[in-house]
Amino acid sequence: MMAGIRGKDTKPEMIVRRGLHARGFRYRLHPRYLPGKPDIVLPKYRAVIFVHGCFWHGHDCPAFKWPKSREAFWRTKIERNRRRHDEVLADLAAMGWTAETVWECELRRSADTVGKKLDSLGFLIRSRRELSSD
């Protein structure tokens, strides 16, 4: 069962990648030289994007529910994922990288809403580059 869970090229990740590409961004995928192997890396902007599943990272949204079976196991696992992500964000910031997280639930909405999310993500990435180049 767990072996069937994909870590790369998930549907939410593909939505973000296609949207960024359509908006003119070029990126790298899952580089090992950065902490946490971010899903999407935009070297030109020194920015990374993590596309998180609401369940695996314990997002505080209606899509996330604590499992009823093996509660202790899942709480430990999800809390460890949250802590690891916080550590990775701190490491990336120390290296001068900007990190953004896109949640799976944000991509389950209408195409118009997803488009607006991707537009704002693109604007945020570009504006941070302009601020850092001043």
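Nothing fancy with the numbering, it's 1 onward along the sequence.
Following chains of ILVMFWY side-chain contacts shorter than 4.5 Å, one cannot reach Tyr27 starting from Phe123, and the two form parts of different hydrophobic clusters.
Side-chain contact between Glu100 and Leu121 is present, with heavy atoms from C-beta onward closer than 4.5 Å. In this structure the side chain of Thr98 never reaches within 4.5 angstrom of the side chain of Arg46, judged on heavy atoms.
Partner of Thr101 under the side-chain hydrogen bond (donor to acceptor under 3.5 Å, both in side chains) criterion, chosen from His85, His59, His52: His85.
The structure places NZ of Lys8 at 13.5 Å from CE of Met14, a figure rounded to the nearest 0.5 Å. A distance of 11.0 Å separates OH of Tyr45 from OG of Ser127, quoted to the nearest 0.5 Å. Between the CZ atom in Arg108 and the CD1 atom in Ile15 there is a gap of 10.0 Å [rounded to 0.5 Å]. Considering CG of Leu29 and CD1 of Ile40, their distance stands at 7.0 Å, rounded to 0.5 Å. Distance check: Leu107 CG to Cys54 SG gives 9.0 Å after rounding to the nearest 0.5 Å.
Crowding of Asp60 atom CG: a count of heavy atoms from other residues, nucleotides or ligands under 6.0 Å not exceeding 12.
Its side chain within the 4.5 Å cluster rule, Val88 clusters with Tyr33, Leu34, Val41, Val48, Phe50, Leu89, Leu92, Met95, Trp97 among the Ile, Leu, Val, Met, Phe, Trp and Tyr residues.
Here the closest heavy-atom approach between residue Lys37 and residue His30 is recorded as O-ND1, 4.1 Å. For Cys61 against Cys105, the heavy-atom pair with the smallest separation is SG-SG, 3.8 Å. Nearest heavy-atom pair, Glu104 versus Pro12, reported as atom, atom and distance to 0.1 Å: CG-CG, 3.9 Å. Considering every non-hydrogen atom in both Phe55 and Ile78, the closest pair reads O-CD1, 3.5 Å.
Looking at Asp9 and Arg17, a side-chain N of the basic residue comes within less than 4.0 Å of a carboxylate O on the acidic one, giving a salt bridge.
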Applying side-chain contact (heavy atoms from CB on, under 4.5 Å), run through Arg26 and Lys44 and close with a yes or a no. CA-CA 9 Å; Arg26 299 302 176 255; Lys44 176 179 176 180; over 6 Å; no
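For Arg75, the side chain to side chain contact (heavy atoms under 4.5 Å, CB included) partners at least two apart in sequence or on another chain are Trp66. The salt bridge (Lys or Arg N to Asp or Glu O under 4.0 Å) test applied to Arg23 returns Asp119, not counting sequence neighbours. Glu106 meets the side chain to side chain contact (heavy atoms under 4.5 Å, CB included) test with Val102, Trp103, Arg109, Lys117; sequence neighbours excluded. The salt bridge (Lys or Arg N to Asp or Glu O under 4.0 Å) search around Asp112 returns Lys116, not counting sequence neighbours. In this structure, the salt bridge (Lys or Arg N to Asp or Glu O under 4.0 Å) partners of Arg82, at least two apart in sequence or on a different chain, are Glu79.
Under a 3.5 Å cut-off, the side chain of Asp39 and the backbone N or O of Val51 do form a donor-acceptor pair. Proximity of a side-chain donor or acceptor of Asn81 to a complementary backbone N or O of Trp56 within less than 3.5 Å is detected.
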